Visitor: 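Can you read through this structure? Questions will come right after.
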There are 2 protein chains.
Amino acid sequence: MTLEHAILGFLYYIPLTGYDLKKAFDASVQHFWPADQSQIYRTLARLTEQGWVEVQVVQQENRPPRHVYSLTQAGREELRRWLTTELPPEEIRVPWLVQVFFSGQLSDEEILATFERVANQLRARLERAHRIPEDSTAYIEAIGSPRESFFWMLTLDYRIKVMEAELAWIEETIQRLQHKEQPPAEKQRS
Amino acid sequence: MTLEHAILGFLYYIPLTGYDLKKAFDASVQHFWPADQSQIYRTLARLTEQGWVEVQVVQQENRPPRHVYSLTQAGREELRRWLTTELPPEEIRVPWLVQVFFSGQLSDEEILATFERVANQLRARLERAHRIPEDSTAYIEAIGSPRESFFWMLTLDYRIKVMEAELAWIEETIQRLQHKEQPPAEKQRS
DNA sequence: TGCTATTATATGATTAGTCCTATATAATAT
DNA sequence: ATATTATATAGGACTAATCATATAATAGCA
């Protein structure tokens, strides 16, 4: 399970609470592995049962107590094992391609609108990706070494390059559709 | 829900059974929207309750009876509505990027092995994608018009182009790592 | 002769994840 | 003065999907 190991990954740097972990996810891996707050807490409970992490409860004045989780030796070994393991084939699910697949029954204008919507969503996502370094540089430097920062930045570079390729294809396809490369509808159903 | 609407999409062409639908999914949209057999049957039951499809049970000699589903008028309208609707932002989950993100603690050789594994999975997937047209041309032509085939082929073209971009980035990154662009590990933990 | 694949539908159990809500205090913003 | 945000944990309900299994006849293969 990826969330389990992502949590182990963060705890390898430094002990953290569920609350800290949620912020760490949002500031760094959210764009390719978002994590729900309640699921982080439930997963921490499971990791504790499994003996991969251990808790220390720290009381605070006028604040809820912090449950600080840290890696055990077994947790460090499990993390290492997972990091060097071949993962099951990636699951690809692209709902807008389902729209495209069945869009032959729509008018050319409606189909173009679909592609424009997808292009706009992608542009917004790309912009957000470009702003990630500014937003989390401090965070990254506080926790990671230069070597670790390098790989953090690699993941962002990958996502940006792939999204640029996606957007390029979509923009090219919009051109093709505007030049009416698609066969016309034959007869009306519905 | 995407599976619901993908089923409506197939039934728009022609009435089908759950068994037929499973084959249709596997031959066409599986590479961006795989569908589990049991989930198809459960979804058909739900679609019937909702009044978007209706069943006709056809008895056979020495075979289980076929439950043939066809679109109702409400189903046709729902499909059209969904095809022209903006979808919620796509969910991106890339487990191997989580490996890369936390791989600073591994040796350079181990990291290269990670990228090689991902590259090989992608190459296999690309090969399979290239074989899709041969495998399902007959299928596509039997059901769809030239206009519909055009959009079927568009979805495949998209996935191939994106996978090629992914593979290009990964191969480039392997080069960078072989030239030791990554900062070295500072001190050993664990 | 026995094994597997094909046709056809369906249920049970489980998993990974989302969304909503509860609780409680302090600080900040409008 | 009031509302929102930040800090901090956690449970309930639900959803989409997977995996395994059951049933039952026929056809093809080794």
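As the structure is a prediction and not an experimental result, all values here were calculated from the model. The chains referred to below are lettered A, B, ... by the order of the sequence lines, with proteins before strands, and numbering in each begins at 1.
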Visitor: What pairs of residues pass the side chain to side chain donor-acceptor pair (under 3.5 Å) test when at least one of them lies in residues 44-53 of chain A, not counting sequence neighbours?
Guide: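 Residue pairs with at least one partner in residues 44-53 of chain A: A:Glu4-A:Arg46.
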Visitor: With the side chain counted from C-beta on, respond yes when A:Trp152 and A:Ile132 share a heavy-atom pair under 4.5 Å apart, and no when they do not.
Guide: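 Not touching, per the 4.5 Å side-chain cut-off.
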Visitor: Taking only nitrogen or oxygen atoms into account, show me every contact under 3.5 Å that the protein makes with nucleotides 27-29 of chain D, one pair per line with its distance.
Guide:
none

Visitor: Indicate, with yes or no, if A:Met1 and A:Leu44 share a hydrophobic cluster defined by side-chain heavy-atom contacts under 4.5 Å among Ile, Leu, Val, Met, Phe, Trp and Tyr.
Guide: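 Same hydrophobic cluster.
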Visitor: How far does the helix from C:dT1-D:dA30 to C:dT30-D:dA1 bend, going by the axes of its first and last five pairs, to the nearest 10°?
Guide: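 The end axes of the helix from C:dT1-D:dA30 to C:dT30-D:dA1 are about 30° apart, to the nearest 10°.
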Visitor: Just list the side-chain donor-acceptor pairs under 3.5 Å for residues 110-124 of chain B, sequence neighbours left out, or say none.
Guide:
unit_1, atom_1, unit_2, atom_2, d
B:Glu110, OE1, A:Arg80, NH2, 3.1
B:Glu110, OE1, B:Ser107, N, 2.9
B:Glu110, OE1, B:Ser107, OG, 3.2
B:Glu110, OE2, A:Arg80, NH1, 3.0
B:Thr114, OG1, B:Glu110, O, 3.2
B:Thr114, OG1, B:Arg117, NH2, 3.3
B:Asn120, OD1, B:Arg123, NH1, 2.7
B:Asn120, ND2, B:Glu116, O, 3.2
B:Gln121, NE2, A:Glu86, OE2, 2.8
B:Gln121, NE2, A:Leu87, O, 2.9
B:Arg123, NH2, B:Glu171, OE2, 3.1

Visitor: Return the set of residues passing ring-ring contact (aromatic ring centres under 6.0 Å, His included) with A:Trp169 (not counting sequence neighbours), or none when no residue passes.
Guide: B:Tyr158
Visitor: Does the distance from a Lys or Arg side-chain N to an Asp or Glu carboxylate O, for B:Glu164 and B:Lys161, drop under 4.0 Å?
Guide: no
Visitor: Could you pick out which residue, A:Thr2 or B:Tyr19, lies toward the 5' side of DNA chain C when each is mapped onto its nearest nucleotide?
Guide: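 Result: B:Tyr19.
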Visitor: Using atom CD of B:Glu4 as one end and atom C1' of D:dA16 as the other, report the distance to the nearest whole Å.
Guide: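 Between C1' of D:dA16 and CD of B:Glu4: 11 Å.
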Visitor: Of all of residues 26-37 of chain A, which get a heavy atom below 4.0 angstrom from DNA chain C, listed by number?
Guide: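 Going residue by residue through residues 26-37 of chain A, the ones with a heavy atom under 4.0 Å of DNA chain C turn out to be A:Trp33, A:Asp36.
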Visitor: By the ring-ring contact (aromatic ring centres under 6.0 Å, His included) test, which pairs, at least two apart or in different chains, include something from residues 22-47 of chain B?
Guide: B:Phe10-B:Phe25
Visitor: Test of understanding: with ring-ring contact (aromatic ring centres under 6.0 Å, His included), list the residues that count as partners of A:His5, not counting sequence neighbours.
Guide: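 Testing A:His5 for ring-ring contact (aromatic ring centres under 6.0 Å, His included), a comparison that skips the adjacent residues, returns A:Trp82.
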Visitor: Identify the 5'-most and 3'-most nucleotides of DNA chain C with at least one atom closer than 4.0 Å to a non-hydrogen atom of chain A.
Guide: C:dA16 to C:dA26
Visitor: Is there side-chain contact between A:Arg93 and B:Thr2, with heavy atoms separated by less than 4.5 Å?
Guide: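 No, every pair of side-chain atoms sits at 4.5 Å or beyond.
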Visitor: Taking all non-hydrogen atoms of both residues, which atom of B:Val68 and which atom of B:Pro15 are closest, and how far apart?
Guide: CG1-CB, 3.7 Å
Visitor: Using the ring-ring contact (aromatic ring centres under 6.0 Å, His included) criterion, which residues pair with B:Tyr69? Sequence neighbours excluded.
Guide: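 ring-ring contact (aromatic ring centres under 6.0 Å, His included) list for B:Tyr69, sorted by chain: empty.
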Visitor: Residues of residues 86-103 of chain B with any non-hydrogen atom less than 4.0 angstrom from an atom of DNA chain C: list those, numerically ordered, please.
Guide: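 B:Arg93, in order of number.
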Visitor: Going by heavy atoms closer than 4.0 Å, what residues in residues 39-47 of chain A are next to DNA chain C?
Guide: A:Gln39, A:Arg42
